[in-house]
Amino acid sequence: MSPLRKKIPLYTSPEQIESLRAASRFNAQLMDFLRPHVQAGTTTEGLDRLAHEYTLDHGHTPACLGYHGYPKTICTSVNEVVCHGIPNERPLTDGDIVNVDITTIVDGWYGDQSETFMIGEVSQAARELVQTTYDALFVGIRACKPGGTVRQIGHAIQTFATEAGYSVVREYQGHGIGQEFHQDPGIPHFPNFASSRDILSPGTCFTVEPMLNIGGWKTRLDKSDGWTVRTMDKSLSAQFEHTLLMMESGPEILTLTKDGPGEGDTLA
Ligand code: MF3
Ligand code: CO
Ligand code: CO
């Protein structure tokens with residue numbers, strides 16, 4: 001055992017597995033609650049308020065609020081915003097794409113997921129980006145094998161996205177999750193050396209959350225708020241995220257929604 005080896009927490013007891021499932025189940029339920037409100041005229045601030053009240057009403061805790069000083073309950077990333085967009089008073093407008101990323105804590109356990117929504121009629125370019133990003137999430141999920149490497153996820157996503165003509169964001173990645181928000185292993189959405197050493201043993205709980213851009217992969221952090229990440233070239237960016245638990249039989253998707261799209265679906 002090299003001392004450099006990361007410590008990847010494993011959740012294998014029935015109690016741990018049920019806690020993880022329950023946390024992600026509630027998180028998915030919140031996504032379904034927000035879903036009908038994600039439309040033209042709604043402000044992202046309004047979505048944030050709904051998410052905050054719903055979480056508290058159910059006795060649970062927003063994970064993002066106060067996380068390293070983050071000011072809101074959810075992240076809402078519109079158009080060229082890659083991730084960590086802060087909800088604000090600008091109403092969603094026909095033609096926008098908006099990623100809604102929600103993370104909640106249920107009895108000390110975290111669930112984390114996001115979807116990109118298309119508001120009204122969006123451009124063909126935006127629609128194709130969003131669909132390809134959705135498909136890329138499942139390409140990544142299907143590359144997850146018990147005992148396989150994290151690198152296989154990034155390799156599959158990068159190959160798929162590149163063939164479709166998109167770039168993959170490199171500066172933000174998926175992550176282990178469980179009793180912490182962000183823990184080992186990091187899950188890059190492109191293949192690198194570090195991820196070839198991280199094994200997806202049964203009991204590993206982690207997110208896959210690819211961000212694809214129409215233009216280049218580089219991003220720029222907004223220094224005025226310290227959070228908003230945009231594409232460097234202002235091209236459109238989309239993202240989807242699920243929380244997964246590796247089982248002996250393969251990955252279990254913990255954040256499946258009742259009302260959202262399923263694997264292989266064409267997005268409405
Ligand atoms: N939910 C994001 C993720 O997928 C993290 C948001 S952290 C915040 O990892 F502080 F910006 F909310
Ligand atoms: Co995440
Ligand atoms: Co997230």
Side-chain angles (χ1 to χ4, degrees), residues 8-9 20 23-32 34 38 44-45 47-49 51-52 55 60-78 81-88 98-106 109-117 133-134 136-137 140-141 144 150 153-154 157 168-189 195 204-212 219-230 237-246 251 253-257 260:
I8 299 177
L20 284 168
S24 280
R25 197 184 305 129
F26 173 73
N27 205 65
Q29 189 183 314
L30 171 55
M31 185 66 87
D32 277 333
L34 291 179
V38 186
T44 49
E45 167 68 41
L47 293 175
D48 189 79
R49 210 155 37 231
H52 189 258
T55 303
H60 303 314
T61 307
C64 294
L65 186 61
Y67 180 77
H68 294 284
Y70 186 76
K72 296 286 181 178
T73 291
I74 63 175
C75 296
T76 51
S77 301
V78 178
V81 178
V82 172
C83 62
H84 306 165
I86 302 174
N88 61 31
V98 56
N99 177 271
V100 176
D101 192 338
I102 59 189
T103 312
T104 49
I105 313 171
V106 173
W109 295 80
Y110 289 73
D112 185 9
Q113 72 197 110
S114 80
E115 293 183 27
T116 297
F117 295 85
T133 308
Y134 182 66
L137 169 60
I141 291 172
C144 297
V150 169
I153 303 170
I157 290 173
V168 177
V169 170
R170 302 169 76 90
E171 293 147 323
Y172 299 87
Q173 58 182 14
H175 48 94
I177 186 168
Q179 289 180 292
E180 305 276 352
F181 195 163
H182 295 113
Q183 61 190 25
D184 286 332
I187 311 286
H189 303 104
S195 61
T204 309
C205 189
F206 59 102
T207 71
V208 177
E209 47 182 300
M211 289 144 276
L212 268 56
T219 66
R220 185 191 212 107
L221 177 66
D222 189 328
K223 288 203 193 73
S224 71
D225 65 22
W227 285 101
T228 308
V229 177
R230 295 187 178 81
S237 184
Q239 179 178 28
F240 285 85
E241 172 176 28
H242 271 311
T243 296
L244 311 172
L245 177 61
M246 184 55 77
I253 305 174
L254 300 182
T255 41
L256 287 176
T257 59

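Since this is a predicted model, take the numbers as computed values, not measurements. Both counts, for ligands and for their atoms, begin at 1 and track the order of listing.
- Across Y70 and I86, no two heavy atoms sit closer than the pair OH-CA, 3.6 Å.
- With a 4.0 Å heavy-atom cut-off, ligand 1 is reached by no atom of A63.
- By the 3.5 Å distance cut-off applied to N or O atoms, W227 is not counted among the residues near ligand 1.
- With distances taken over non-hydrogen atoms, the option nearest atom 9 (O) of ligand 1 out of H68, K72, H182 is H182.
- Looking at atom 12 (F) of ligand 1, its nearest protein heavy atom turns out to be C64 SG, 3.0 Å.
- Near T103, the atoms of ligand 1 lying under 4.0 angstrom from a non-hydrogen atom of the residue are 1 (N).
- When only modelled atom types and interatomic distance are considered, N27 and T255 share no side-chain donor-acceptor pair under 3.5 Å.
- Atoms of ligand 1 lying under 4.0 Å from at least one heavy atom of E241, given by number and element, are 4 (O).
- Residue-ligand proximity, E209 to ligand 1, at heavy-atom distances under 4.0 Å covers atoms 3 (C), 4 (O), 9 (O).
- Around the Co ion (ligand 2), the protein N, O or S atoms found under 2.8 Å comprise D112 OD2, H175 NE2, E209 OE2, E241 OE2.
- Taking both residues in full, the closest heavy atoms of S237 and M211 are given as OG-CB, 4.5 Å, listed atom of the first, atom of the second, then distance.
- Listed here is the closest heavy atom pair of T207 and I187: O-CG1, 3.4 Å.
- Nearest-heavy-atom check against atom 7 (S) of ligand 1 across Y70, Y67, Y110 picks out Y67.
- The protein atom (non-hydrogen) at minimum distance from atom 5 (C) of ligand 1 is F181 CZ, 3.6 Å.
- Interatomic distance, T104 OG1 to L65 CG, rounded to the nearest 0.5 Å: 13.0 Å.
- Of all heavy-atom pairs between P62 and I105, the closest is O-CD1, 4.4 Å.
- Selection from I177, T228, D101 by nearest heavy atom to atom 2 (C) of ligand 1 gives D101.
- Side-chain contact annotation: H189 with E209, donor-acceptor N/O pair under 3.5 Å absent.
- Look at Y172 and you'll find every heavy atom at least 4.0 Å from all atoms of ligand 1.
- Residue contact check: H84 has heavy atoms under 4.0 Å from atoms 5 (C), 6 (C), 11 (F) of ligand 1.
- Classified by interplanar angle (parallel below 30°, tilted 30° to 60°, perpendicular above 60°), the ring pair Y110/F181 is parallel.
- Counted within 6.0 Å of CZ on R170, heavy atoms from surrounding residues, nucleotides or ligands total more than 12; the atom is thus considered enclosed.
- In the displayed structure, E180 atom CD is contacted under 6.0 Å by at most 12 heavy atoms of other residues, nucleotides or ligands.
- Taking CG from L245 and SG from C144, the interatomic distance works out to 11.5 Å, rounded to the nearest 0.5 Å.
- Annotation: atom 3 (C) of ligand 1 to nearest protein heavy atom, D112 OD2, 3.4 Å.
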